[in-house]
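To start, the structure itself, in structure tokens.
Because only heavy atoms are used, hydrogens play no part in the values below, and waters and symmetry mates are left out as well, while side chains stay in. Numbered from 1 within each chain, the chains take letters A, B, ... in sequence-line order.
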Amino acid sequence: MARNRRPPASTVVLLASALLPMAAPAAEVEAYGTTLARYYTQNYRDLNKYRYVPLTQFVGIDANKLGDTGWSMHFYGWGQTDLGDQSSPSGKSGGDLTYGYLQYRAPKANAEFKLGRFAAQGAAGQELVDGISTRADLRGGFTFSFFGGKPVEYNLEGAPKAAPRDFITGARLAWRASHFGELGVSYLQDGTTPKDQPGQPLLEDHSRKLLGGDLRISPHATLELTGRVAFNQKKEDPTAPAESKTRLAEQDYSFSWKIAKVVQLSGRVTERNFKDFYGGTNLPFLFRQIETEKYKAQSGELTIGLSSPVQFIADYRKAQREANGDSTRVGGELRIIPETFKLKSGFGYHRITAADVPLVGGTVPFYSLAHKEARLWLLHDGGRYYLSLDAVSYSFDDKNNPLLNNEPNSFLGVASLGFRATSGLTLSGDVSYGMNPTYKKEVRGLLRLEFRFGNNSSKGGAK
Amino acid sequence: MKAWKARPFLLLVLLVGLGVFTGCSILSQEASFAATHPEKLGPGRPMCTTCHDVEVLPGARKPYSTFDHTPSFLKNHASAVGRDAGTCAVCHGQSFCSDCHGGKTMIPPAVLLGNRPDRDVPHRAGYLSYHQIDGKVDPGRCYTCHGRSNNERCTACHK
């Protein structure tokens, strides 16, 4: 199948840069970015050693109030080059325009219009789209949103190709009852069935048509119930007249209840049919975790210390997969974020269990995925300087797990020291050391320069 | 009818004008959200109810408590973004989202934000090694970003 030809990333970045002079008449212009110089070595357990020196530059520009109106322009992109071994499957250098769009915000009705490359949140995950989007609040509590365009894909030379996605469009109409709740209906169409395979079972066909509904009920400010359901209306096999056209793609229900001012209990139940919800996977058969199977998850969380300097979160999550059994994750996290004291810290511990995995042709019939995860972090912010430490470890129960290369323990520690030269310029350095089943030893060093200049520094990456 | 066929541009202008007029007449008259939060926020995850109590956020028609950045809100933030992205934009630029949802970015979020252990970012601690475990234990969350037809990052190695 012929692939759509796309301009190289560098062309997109150059074209976007050519538009930047349009930002000149803006009343508020802000430029920000991060320069990263990394150095790391990886010693594989098969004795191969690699030395990586990637240089990465992120740059963003926000030009607000163009001509003192509600128009604005926003650009964000990155470029990278490797001075050592190749660090990414994309090649030794690369770059991309992450987003770049012209936006209009109306003074009333939260009306908004975007043109260019932007993020759209439609039905399944976040999508970057080259196209248009609009939204507005209507009279009587109604609200309407729409987006449409060509989805941005992460294509790699040499990777197996699936059918290209030609367009994606989504719309949502909702009604909001002040304070009490919201009821919405939505539709998402992602791509069309490839035309050069008529009447065939289309293994490559990732198109989907999701008709959804969502509900939010909040009888009191302390209690919120939400629900979302989506059905895939795409007919999988056009030659099978008996096939149901509508299949459940997702249902997701959650609640959160602030039992007291500092205590919250929340829970969530999710069911997804992967093929219908995500439109399938582009992974080859052997690595497919999913295809047509259903996935269910139930989770619960108890937070003690909302709005408090000391916060404890106990969490539980159970995932059920039709083909591979259940897994559970249970544990807790303690976060200490004082308002006046400069040291912030956190500690978390989780126990993960999962159904045994059959091992065909191995020395043992099954292996276990059960393990423990622990994390400790510290952040001392002295204003002019800051220091952070972050340590994560995994300890696996079953040393016979073939994925572990006889190494049941993993560890990574990161130390970072930062210096704020001015309010808009910060220099920091990270050093990390780790070992895991893939790397006998992994040492990393990183220098980070963050800058933010302009007359609108009240949002963006700062929070 | 023939007259309209002879003047397609005029017909288009009339239709667009009618659409704009109808659209404007059904628009809410409430003021839009502030472009930026008027007060500087304190350290840590913001809790709107610290200042706003139980009042309703105009436009969103929801109590401010809906947007309290509790642990469960952070884990379930996708549904809040889907409904009220304009509220998020009062404090967050899109570059904040791109730290994790950057699409093609070659650097894992945990490395980019290695100096912010207080932020809840994915893929900490040698995730290249751990992903083969995580993908078997709980694959549901991978596909929000990876493994679908939206990228070939997985298939670069898993051919």
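For A:His371, the side-chain hydrogen bond (donor to acceptor under 3.5 Å, both in side chains) partners two or more places apart in sequence, or in a different chain, are B:Tyr130. Partners of A:Thr353 under the side-chain hydrogen bond (donor to acceptor under 3.5 Å, both in side chains) rule, at least two apart in sequence or in another chain, are A:Thr328.
With respect to the salt-bridge test (charged N to carboxylate O, under 4.0 angstrom), the residues B:Asp84 and A:Arg216 do not qualify. The pair B:Arg83-A:Asp214 does not count as a salt bridge, with every side-chain nitrogen at least 4.0 angstrom from each carboxylate oxygen. Taking a cutoff of 4.0 Å between a charged side-chain nitrogen and a carboxylate oxygen, B:Arg61 and A:Asp137 do not qualify as a salt bridge. The residues A:Arg375 and A:Asp390 are annotated as salt-bridged, a charged nitrogen and a carboxylate oxygen being separated by less than 4.0 angstrom. Look at A:Arg176 and B:Glu30 and you find no salt bridge, because none of the NZ, NE, NH1 or NH2 atoms lies under 4.0 Å from a carboxylate O.
Between chain A and the options B:Gly86, B:Gly82, B:Gly59, B:Ser79, the largest number of non-hydrogen pairs under 4.5 Å is found for B:Gly59. Contact tally against chain A (heavy-atom pairs below 4.5 Å) for B:Pro58, B:Ala110, B:Pro71: the top residue is B:Pro71. Across B:Lys62, B:Gln132, B:His69, B:Lys75, the residue that shares the most heavy-atom pairs under 4.5 angstrom with chain A is B:Lys62. If you tally non-hydrogen atom pairs under 4.5 Å between each of A:Thr143, A:Val414, A:Leu379 and chain B, the highest count goes to A:Leu379.
For the pair B:Tyr64 and B:Cys48, the tightest heavy-atom approach, listed with the atom from each and the gap, is O-CB, 3.6 Å.
Proximity to chain B (any heavy atom under 4.5 Å) is shown, for A:Phe411, by neither the backbone nor the side chain. Contacts between A:Glu112 and chain B at a heavy-atom distance below 4.5 Å are absent for every atom of the residue. In this structure, chain B has heavy atoms under 4.5 Å from both the backbone and the side chain of A:Ser307. With a 4.5 Å cut-off on non-hydrogen atoms, A:Ser432 does not touch chain B at all. In this structure, chain B has a heavy atom under 4.5 Å from the side chain of A:Leu446, while its backbone stays farther away. Heavy atoms of A:Phe396 lying under 4.5 Å from chain B belong exclusively to its side chain. Within the 4.5 angstrom heavy-atom criterion, atoms from both the backbone and the side chain of B:Leu112 approach chain A. With a threshold of 4.5 angstrom between heavy atoms, A:Ala319 approaches chain B through side-chain atoms but not through N, CA, C or O. Heavy-atom distances place the side chain of B:Val56, and not its backbone, under 4.5 Å from chain A. Using a 4.5 Å cut-off between heavy atoms, A:Asp252 makes no contact with chain B at all. Heavy atoms of B:Asn76 lying under 4.5 Å from chain A belong to its backbone as well as its side chain. Using a 4.5 Å cut-off between heavy atoms, A:Lys258 touches chain B through its side chain atoms alone. In this structure, chain B has a heavy atom under 4.5 Å from the backbone of A:Leu378, while its side chain stays farther away. In this structure, the portion of A:Ser416 lying under 4.5 Å from any heavy atom of chain B is its side chain and not its backbone. For a residue to count as touching a neighbouring chain, one of its non-hydrogen atoms must lie under 4.5 Å from one of that chain's; by this rule A:Ala391 does not touch chain B. For chain B, no part of A:Asp381 is nearby; none of its heavy atoms comes within less than 4.5 Å. Interface residue B:Ala34: only backbone heavy atoms are found under 4.5 Å from chain A. For chain B, no part of A:His74 is nearby; none of its heavy atoms comes within less than 4.5 Å. Residue B:Ala31 touches chain A through both its backbone and its side chain, counting heavy-atom pairs closer than 4.5 Å.
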Practice item. Could you please spell out the steps behind the side chain to side chain contact (heavy atoms under 4.5 Å, CB included) verdict for A:Ser256 and B:Phe73? Key: CA-CA 9 Å; A:Ser256 70; B:Phe73 176 87; over 6 Å; no

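Between the side chain of A:Arg135 and the backbone N or O of A:Asn110, at least one donor-acceptor pair lies under 3.5 Å. The backbone N or O of A:Ala221 lies less than 3.5 Å from a partner atom in the side chain of B:Ser65, making a donor-acceptor pair.
Ring geometry for A:Phe118 versus A:Tyr101: interplanar angle over 60°, hence perpendicular rather than tilted (30 to 60°).
For the side-chain hydrogen bond (donor to acceptor under 3.5 Å, both in side chains) test with B:Ser72, the passing option among A:Glu224, A:Gln264, A:Glu301 is A:Gln264; the others fail.
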